[in-house]
Structure formats: C-alpha cells, structure tokens
**Student:** 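Sharing a structure here in structure tokens format.
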Amino acid sequence: MVSLNVEKGVSLKPFVTLRAGGSAQELIRGNTHESLSEALNYSLRTGLKITVLGCGSNVLPADQGVPGLVVLNRTKSIDLDADGNVIVDSGCPIQDLFLRTAQAGFDGLQFAVGIPGTVGGALASNAGAYRKCISDYLVKTEVATRDGVEWVEPSWLKLRYRDSLLRHPEKPDCIVTRIELHLPHGDRKRIFDEAREYQRQRIGKQPPSASAGSFFKNVNDSALAQSLHRLPEALKKAGVVPAGYLLEDAGLRGYRHNGAMFSKRHGNFILNVGGATATDIRHLANQAKEKVYDRFGVMLEEEVLYIGDWPKGSS
Ligand SMILES: Cc1cc2nc3c(=O)[nH]c(=O)nc-3n(C[C@H](O)[C@H](O)[C@H](O)COP(=O)(O)OP(=O)(O)OC[C@H]3O[C@@H](n4cnc5c(N)ncnc54)[C@H](O)[C@@H]3O)c2cc1C
C-alpha cells in the first residue's frame, strides 16, 4: 500500500500553462503508477470527484477552483525494448519519450517536439501535429477504474481528432496509469532532422507567452473550405479549415479582454499577457466564438478543457 500525502487548497496557477484559475480542494502528487491508482481509490472512498493533471497545457481551471481531488501526475518511467515496444508512465513528458526513443533509433514521435504535455494528457486529447498523432502508435492502455487496474484496447478510449472518452463528462472515474506504444525502426539522422525542422517551424509560429496552445479545434467542413478563397488548395481538398484562419478573418488577431489576448503571431492562441483570470480568458473565447459564428455560421469547439466549478452561464 502506497502512502498518500493529501494537500488542501492548493493554487493550480503554477500547474497550468495559462497561469490562471483557482485552487484544488485537495491535491495529491503521484510519482509512481501505483500511487496514481491509490489516489483513484482514495477519491472513490471519500466520494471526491477526481481530476488528473499532467502538465496542465490543455486545461483552464475555473477561478472558483476545482472541487474534489486533483492528482498531479509526476510519474516518468520509460521501458523500451530492442523491437520498439515501449511501456511508459502516463506522467512522462511526451518530449522526453521522443528523445529516448529517437536516440534508440525509433521513428514516429517527432511530431511531439514542442508539445509541452505528458503522455497521458496527449492520449486524452489524442495530441498530434504534422499529420501524426499519438494514437497512430498506441497498442494498449493501463487504466485504473473502480473495478481495479487493467490493460484496455485502444477502442476503449474512443479516440478521435483531438478527442477521447477521457475528455467527456460521462467518462468513468479513472486514471490512465501506463501506456504501451509500438514504434518502427528508423534512420536516426532523418528522425532528428525532421524533429529540428518541426521545432524551427514552431519557433516561427508560436508566441512565447503563457498559453494552452491552439485554443479551438480545426473545423471539418468541405463546403466551408471550398468557399474560402484564400485557403490553401491542400486544405480545401481535405475539407479542413484551421480555426486560426476563421479567427483571423473575423478580426480577432491581437483582440484583447483585460490580460487575455489573441496572439498577433498565431490566430488560434489565446495568451495570458499579464494577470488574466480564467474568467477573462473564457470571456474572450466566448466573444471569439460569437464573432466567428456571426461571420461564418460555424460554432468553434474548444480544444482547451474548462475544468472545475464554473458559474452557470459561463459557456
Ligand atoms: C505551446 C503549446 C503548444 C501545443 N502544441 C500542441 C500540438 O501541436 N498538438 C496538440 O495536440 N496539442 C498541443 N498543445 C496542447 C497540449 O500540450 C496537449 O494537448 C498535451 O498533450 C496535453 O497534455 P497535458 O499533460 O498538459 O494534459 P493536461 O492539460 O494536464 O490534461 C488534459 C486533459 O487530459 C486529462 N488527463 C491528463 N492526464 C491524464 C491521465 N493520466 N489519465 C486520465 N486523464 C488524463 C486531464 O484530466 C484533462 O482532461 C500545445 C500546448 C501548448 C501550451
């Protein structure tokens, strides 16, 4: 049995990349995959709702706080064999996993360079970039639920574009504890060249201020894509409209509400440029949704997850 240290009323600001929001009612730091399942058992025993945080790079906690138990996932072990089979703790930063696997000559995770999240958080949102995503390499997932700890098939997670069961309110009480991936062999020089190129592109596009990356999901809508004259042909063909395109066209570049501001460099990044509350950030996001809806008839969907006790009428 692992002993758990429960902290009360801990501010979540330092643990989320948007640097905004209130406190966790209770907080446990999990350093081993066994401690994560113990934390789940504690939440089930005490009736506290559980929220898992990896690097907090895809969430916005309410200023009113997050009731129940927040588990900060600080697990990090990686077990890689000679055939490219990896069992990795869900709290391992995905960039650390990229480095470890690439150095051993395994291909695939270059897309993750510049994604500041854990493997568990990446799985929850099926994180990806440059036409690759984590589910491309997923074999099995170890989850702790009220029925115990078990390995489940990818279908259990209902993975889709930037989405999975883990993001939905109807999800079971659970924590992803470990993940098994399989990566093919690849040429080490090409892998690192690709990673460097992706990093270069990100440095050019991504603003350095506090953000949660792209705030909204891209839109799959062929008719809309065809109607946008400035959209590159490849995107028209794929029927994909980047949310940043719609936001910029609706005049939101540099648009600001208190300390929350749309980046001038990347149309889909909301930045905390100083002292923004979570309410400021969500207010700005709501204004943007309205403006895009008025101009294009499309309701953008957040990629960032609102967690905790948001007052009624926030959405
Ligand atoms: C500068 C920047 C660039 C980014 N670029 C990209 C990009 O190119 N592509 C992309 O897809 N994303 C990108 N993101 C968004 C984000 O980094 C990813 O979604 C990342 O994978 C989230 O991981 P996390 O550990 O921070 O998750 P968190 O934000 O901590 O959590 C996200 C969700 O996952 C759940 N969760 C986390 N861990 C677990 C677990 N172990 N078990 C169950 N549920 C869990 C949480 O409860 C929450 O609902 C970017 C963000 C930033 C700030």
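Quick note: residue numbers are just sequence positions, from 1. Bear in mind the structure is a predicted one, so any value in this text is a computation, not a measurement. One-based numbering, in listed order, for ligands and for the atoms of each.
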**Student:** Please tell me whether Tyr137 and His182 form a close aromatic pair, meaning their ring centres lie under 6.0 Å apart.
**Tutor:**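 Not under 6.0 Å, so no.
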**Student:** Answer yes or no: does an N/O atom from Gly56 fall short of 3.5 Å to an N/O atom of ligand 1?
**Tutor:** yes
**Student:** Could you verify whether a donor N or O on one side chain and an acceptor N or O on the other, from His168 and Asp163, lie under 3.5 Å apart?
**Tutor:**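 Note: His168 and Asp163 side chains meet the donor-acceptor criterion.
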**Student:** Starting from atom 30 (O) of ligand 1, which protein heavy atom do you reach first, and at what distance in Å?
**Tutor:** Gly54 N, 2.7 Å
**Student:** Purely on distance, is any nitrogen or oxygen of Thr17 under 3.5 Å from one on ligand 1?
**Tutor:** no
**Student:** Just by distance, do the side chain of Ser164 and the backbone of Leu159 share a donor-acceptor pair under 3.5 Å?
**Tutor:**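 Not confirmed, Ser164 side chain does not pair with Leu159 backbone.
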**Student:** Just by distance, no angles: are the side chains of Asn73 and Thr118 close enough, under 3.5 Å, to form a donor-acceptor pair?
**Tutor:**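 Distance-only check fails for Asn73 and Thr118.
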**Student:** Compare Pro116, Gly120, Ala129 and give the one whose heavy atom is closest to atom 4 (C) of ligand 1.
**Tutor:** Pro116
**Student:** Which residue pairs satisfy the salt bridge (Lys or Arg N to Asp or Glu O under 4.0 Å) criterion with at least one member in residues 96-108, sequence neighbours excluded?
**Tutor:** Asp107-Arg190
**Student:** Give the residue and atom name of whichever protein heavy atom lies nearest to atom 25 (O) of ligand 1, and the separation in Å to one decimal.
**Tutor:** Thr118 OG1, 2.7 Å
**Student:** Hey, is Ser57 touching ligand 1 through its side chain, its backbone, both or neither, going by heavy atoms under 4.0 Å?
**Tutor:**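 Both backbone and side chain of Ser57 come within 4.0 Å of ligand 1.
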**Student:** Give the numbers and elements of all ligand 1 atoms closer than 4.0 Å to a heavy atom of Arg162.
**Tutor:**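 Answer, ordered by atom number: 11 (O).
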**Student:** Could you tell me which atoms of ligand 1, counted from 1 in the order shown, lie closer than 4.0 angstrom to a heavy atom of Leu53?
**Tutor:**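 Going through ligand 1 atom by atom, the ones under 4.0 Å from Leu53 are 30 (O).
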**Student:** If you draw a 6.0 Å radius around CZ in Arg256, do more than 12 non-hydrogen atoms from other residues or ligands fall strictly inside?
**Tutor:** yes
**Student:** Tell me the contacting part of Asn73 for ligand 1: side chain, backbone, both, or neither, using a 4.0 Å heavy-atom threshold, strictly below.
**Tutor:**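 Answer for Asn73: side chain.
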**Student:** Among all protein heavy atoms, pick out the one at the shortest distance from atom 8 (O) of ligand 1; state its residue, atom name and that distance to 0.1 Å.
**Tutor:**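 So the nearest neighbour among protein heavy atoms is Arg202 NH2, 2.7 Å.
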**Student:** Below 4.0 Å, non-hydrogen atoms only: which portion of Gln206 touches ligand 1? Side chain, backbone, both or neither.
**Tutor:**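 Answer for Gln206: side chain.
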**Student:** As a check for students: among Val52, Thr75, Val59, Thr141, identify the option with a heavy atom nearest to atom 32 (C) of ligand 1.
**Tutor:** Val59
**Student:** Do the side chains of Arg146 and Pro172 get nearer than 4.5 Å, heavy atoms only?
**Tutor:** no
**Student:** At what distance is the nearest protein heavy atom to atom 19 (O) of ligand 1, and which residue and atom is it?
**Tutor:**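 Sorting protein heavy atoms by distance from atom 19 (O) of ligand 1 puts Asn58 ND2, 3.2 Å first.
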**Student:** Is there a nitrogen or oxygen of Ala212 sitting under 3.5 Å from a nitrogen or oxygen of ligand 1?
**Tutor:** no
**Student:** Write out the residue and atom name of the closest protein heavy atom to atom 42 (N) of ligand 1, then the distance separating them to 0.1 Å.
**Tutor:**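 Going atom by atom, the protein heavy atom closest to atom 42 (N) of ligand 1 ends up being Val176 N, 2.9 Å.
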**Student:** Could you check whether any side-chain heavy atom of Leu247 comes within less than 4.5 Å of a side-chain heavy atom of Leu300, counting everything from C-beta outward?
**Tutor:** yes
**Student:** For atom 10 (C) of ligand 1, which candidate among Gly128, Gly121, Ala210, Pro93 holds the nearest heavy atom?
**Tutor:**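 Closest candidate by heavy-atom distance is Gly128.
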**Student:** Can you figure out which of Ser125, Cys174, Ala124 has its heavy atom closest to atom 34 (O) of ligand 1?
**Tutor:** Ala124
**Student:** Which residue pairs satisfy the salt bridge (Lys or Arg N to Asp or Glu O under 4.0 Å) criterion with at least one member in residues 13-26, sequence neighbours excluded?
**Tutor:** Lys8-Glu26
**Student:** Counting only nitrogen or oxygen atoms and a 3.5 angstrom limit, does Ser214 reach ligand 1?
**Tutor:**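 No; the residue has no nitrogen or oxygen that sits under 3.5 Å from a nitrogen or oxygen of the ligand.
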**Student:** Of all the non-hydrogen atoms in the protein, which one sits nearest to atom 12 (N) of ligand 1, and at what distance?
**Tutor:** Glu303 OE2, 3.8 Å
**Student:** To the nearest 0.1 Å, how far is atom 53 (C) of ligand 1 from its closest protein heavy atom, and which atom is that?
**Tutor:**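 So the nearest neighbour among protein heavy atoms is Gly213 N, 3.3 Å.
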**Student:** Which part of Ala127 is near ligand 1, with near meaning a heavy atom under 4.0 Å away: side chain, backbone, both or neither?
**Tutor:**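 Both backbone and side chain.
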**Student:** Select the closest option to atom 13 (C) of ligand 1 among Ile179, Thr51, Ile115, judged by heavy-atom distance.
**Tutor:** Ile115
**Student:** Looking only at protein heavy atoms, which one is nearest to atom 49 (O) of ligand 1, and how far off is it?
**Tutor:**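 For atom 49 (O) of ligand 1, the nearest protein heavy atom comes out as Leu305 CD1, 3.2 Å.
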